[in-house]
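Written below as structure tokens is the structure these notes are about.
Letters go in sequence order (proteins before strands), and every chain restarts at 1. None of these values were measured; they are calculated from a predicted model.
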Protein chains: 2
Amino acid sequence: MTSGPPSEAVDLGLWFATFNEIAILAQLSRTLMEARLPHGLLQPQFGVLNHLVRVADGVTPLALARAFQVPKTSMTHSLAVLERHGLVEMRPNARDGRSKCVFLTDAGRKLRDGTIAALTPDIAALAHRFDAARLRGALPVLTELRQIMDTLRDPVSGHTGATGAQDP
Amino acid sequence: MTSGPPSEAVDLGLWFATFNEIAILAQLSRTLMEARLPHGLLQPQFGVLNHLVRVADGVTPLALARAFQVPKTSMTHSLAVLERHGLVEMRPNARDGRSKCVFLTDAGRKLRDGTIAALTPDIAALAHRFDAARLRGALPVLTELRQIMDTLRDPVSGHTGATGAQDP
DNA sequence: ACTACATAGTGCGATATCGTATCAAATGGA
DNA sequence: TCCATTTGATACGATATCGCACTATGTAGT
């Protein structure tokens with residue numbers, strides 16, 4: 001055999017440690033956010049709301065599922081919650097009869113802005129203790145890693161199928 | 001009022017973007033892992049198993065809940081699953097009659113090692129596309145951020161109460 | 001046009017997550 | 001010692017997550 005693995009050993013520990021930290025940080029940020037969200041709304045729902053404001057209105061549920069890398073059924077549920085609360089509106093997709101488009105309502109926009117405002121002191125407290133420059137340095141690494149994992153994702157099953165564009 | 005905020009504006013966008021990437025990466029790594037886990041085991045359970053191997057055996061459920069920053073009830077559930085599968089053993093805590101100690105079984109150790117082995121090619125594929133040095137640079141930032149968020153956590157309610165030591 | 005296949009969304013069931021309430025053991029005063 | 005408070009763990013219920021299977025629409029090949 002001539003072309004085995006890169007012959008350079010992979011630092012498994014590094015990767016596991018990273019994923020471990022990421023999992024815990026996700027948990028911490030979730031808790032942080034949900035402490036400021038109105039009753040009945042959880043982080044996934046707020047994430048969608050925020051995405052609609054920051055990126056674009058009128059996208060399809062599947063595009064959202066891809067953006068967040070969750071199964072489409074999970075996104076269906078999140079959107080149903082948001083719609084039940086009157087925060088988004090689902091309209092038929094003129095270009096594709098199977099599809100729908102998700103639009104923010106005024107209430108949705110307002111609630112998102114209010115939540116951001118409510119979160120600001122918490123973030124400020126964090127920023128007070130943690131140098132933003134370090135974060136700014138780490139963020140591109142996270143982004144690139146996310147993109148690569150995106151790409152490597154098995155484009156199989158009912159999960160979501162393919163790569164999802166993220167906030168540009 | 002004399003001592004308002006640091007008068008320096010906080011880069012909210014930076015923080016939100018970071019938390020956003022972290023949430024998606026957590027999702028991606030979860031999916032990656034669960035694709036290699038035996039049926040019936042999910043990432044949280046494997047995380048516990050891995051922690052017991054890497055850090056220490058014989059810790060209490062509450063210590064585990066703190067380490068992962070999940071509510072104690074979630075940890076109770078995860079441990080029940082692991083115990084049902086014969087992967088861990090719960091013994092009474094000699095030092096505290098209310099408490100228990102979690103121990104790995106041989107099956108648990110074996111399953112953890114097998115899963116690591118099964119994951120290695122996936123990690124290797126990642127490592128092939130992503131420079132480990134960059135990851136190594138970013139990891140301390142994540143760790144420190146996690147520690148700080150740990151510290152700032154409201155030590156309230158039934159969540160977990162306090163800071164949890166993480167893999168040293 | 002007709003048939004195959006792919007794709008968008010959803011209903012359903014199994015399981016996970018987590019807040020609240022509860023119980024039992026420990027701790028710390030009076 | 002007795003009582004109040006704290007702390008570790010769990011039961012329970014509400015909701016979230018997600019895999020599977022299904023429908024409906026779109027797309028391609030003939």
Side-chain angles (χ1 to χ4, degrees), chain A residues 23 26-28 30-31 33-35 37-48 59-66 68-85 90-102 154-162 164, chain B residues 23 26-28 30-31 33-35 37-48 59-66 68-85 90-102 154-162 164:
Chain A
Q27 183 66 31
L28 283 162
R30 171 185 205 107
T31 307
M33 286 199 178
E34 291 182 354
L37 283 172
H39 178 68
L41 268 198
L42 300 188
Q43 197 239 24
Q45 282 101 50
F46 174 73
V48 171
V59 293
T60 68
L62 189 57
L64 289 169
R66 282 173 175 154
F68 288 93
Q69 294 290 354
V70 296
K72 13 178 219 172
T73 53
S74 304
M75 188 52 64
T76 297
H77 175 77
S78 294
L79 290 173
V81 171
L82 288 172
E83 194 177 27
R84 178 153 28 90
H85 288 250
M90 310 279 283
R91 303 187 207 147
N93 186 341
R95 290 185 188 81
D96 187 334
R98 296 164 298 180
S99 184
K100 301 185 176 174
C101 297
V102 185
D154 197 1
V156 87
S157 83
H159 210 286
T160 58
Chain B
Q27 183 66 30
L28 283 162
R30 172 185 205 107
T31 307
M33 286 200 176
E34 291 181 354
L37 283 172
H39 178 69
L41 269 198
L42 299 189
Q43 197 238 25
Q45 282 102 51
F46 175 73
V48 171
V59 293
T60 68
L62 188 57
L64 289 169
R66 282 172 175 155
F68 288 92
Q69 294 290 353
V70 295
K72 354 176 237 179
T73 55
S74 304
M75 188 51 65
T76 297
H77 176 77
S78 294
L79 291 172
V81 171
L82 289 172
E83 194 178 26
R84 178 153 28 89
H85 288 250
M90 310 279 283
R91 303 189 207 146
N93 186 341
R95 290 186 186 79
D96 188 333
R98 298 165 296 180
S99 184
K100 298 185 178 176
C101 298
V102 185
D154 197 2
V156 89
S157 82
H159 209 286
T160 57

Polar pairs (N or O, both sides) under 3.5 Å between protein and nucleotides 26-28 of chain C?
| from | atom 1 | to | atom 2 | distance (Å) |
| --- | --- | --- | --- | --- |
| C/dA26 | OP1 | B/Gly97 | N | 2.8 |

**OP:** Could you identify which residues of residues 40-48 of chain A place a heavy atom less than 4.0 Å from some atom of DNA chain C, listed by residue number, or say none?
**Re:** none
Nearest whole angstrom, please: distance from the [atom2] of [N] to the [atom1] of [X].
X: A/His39; N: C/dG19; atom1: NE2; atom2: C1'; value: 10 Å
X: B/Glu83; N: D/dT10; atom1: CD; atom2: P; value: 9 Å
X: A/Lys100; N: D/dT25; atom1: NZ; atom2: P; value: 12 Å
X: A/Phe68; N: D/dT17; atom1: CZ; atom2: P; value: 12 Å
X: B/Asn93; N: D/dT7; atom1: CG; atom2: C1'; value: 13 Å
X: B/His85; N: C/dT15; atom1: NE2; atom2: C1'; value: 11 Å
X: A/Arg84; N: D/dA16; atom1: CZ; atom2: P; value: 7 Å
X: A/Gln27; N: D/dA16; atom1: CD; atom2: C1'; value: 13 Å

**OP:** Walk me through it: do B/Gln69 and A/Thr31 pass the test side chain to side chain contact (heavy atoms under 4.5 Å, CB included)?
**Re:** CA-CA 9 Å; B/Gln69 294 290 353; A/Thr31 307; over 6 Å; no
**OP:** Report the residue (A/Glu34 or A/Thr60) whose heavy-atom-nearest nucleotide on DNA chain C is the more 5′ of the two.
**Re:** A/Thr60
Original post:
For A/Glu34, which residues count as a salt bridge (Lys or Arg N to Asp or Glu O under 4.0 Å) partner, sequence neighbours excluded?
Top reply: A/Arg30
Return the [atom1] to [atom2] distance between [X] and [Y], rounded to the nearest 0.5 Å.
X: B/Asp96; Y: B/Cys101; atom1: CG; atom2: SG; answer: 9.0 Å
X: A/Met75; Y: A/Leu82; atom1: CE; atom2: CG; answer: 9.0 Å
X: B/Phe68; Y: B/Ser78; atom1: CZ; atom2: OG; answer: 9.0 Å

Taking 4.0 Å as the cut-off, does a side-chain nitrogen or oxygen of [X] come that near to OP1 or OP2 on [N]?
X: A/Ser99; N: C/dG9; result: yes
X: A/Thr73; N: D/dG19; result: no
X: B/Gln69; N: C/dT17; result: no
X: B/His77; N: C/dT17; result: no

Subject >> Candidate nucleotides C/dG19, D/dT10, D/dG19, ranked by approach to the side chain of B/Met90 - the nearest >> reply: D/dT10
Original post:
Nearest to the side chain of A/Ser74, which nucleotide is it out of D/dA9, C/dT10, D/dC18?
Top reply: D/dC18
Between the protein and nucleotides 2-4 of chain D, list the N/O to N/O atom pairs that are separated by less than 3.5 angstrom.
none

Locate the shortest heavy-atom distance separating [X] from [Y]; write the atom from each residue and the value.
X: A/Leu37; Y: A/Gln43; value: CD1-N, 3.9 Å
X: B/Gly40; Y: B/Val81; value: O-CG1, 4.2 Å
X: A/His85; Y: A/His39; value: CE1-O, 4.4 Å
X: B/Ala26; Y: A/Ala26; value: CB-CB, 3.7 Å

Original post:
Considering only heavy atoms and no angle criterion, is a donor-acceptor pair shorter than 3.5 Å present between the side chain of A/Lys72 and the base of C/dG9?
Top reply: yes
**OP:** With sequence neighbours excluded, tell me which residues meet side chain to side chain donor-acceptor pair (under 3.5 Å) with A/Arg91.
**Re:** A/Glu89
Subject >> Contacts of A/Pro38 that satisfy side-chain contact (heavy atoms from CB on, under 4.5 Å) - sequence neighbours left out >> reply: A/Leu41, A/Leu111, A/Thr115
Original post:
Is there a side chain to side chain contact (heavy atoms under 4.5 Å, CB included) between A/Val102 and A/Met90 once you walk through the steps?
Top reply: CA-CA 5 Å; A/Val102 185; A/Met90 310 279 283; 3.8 Å; yes
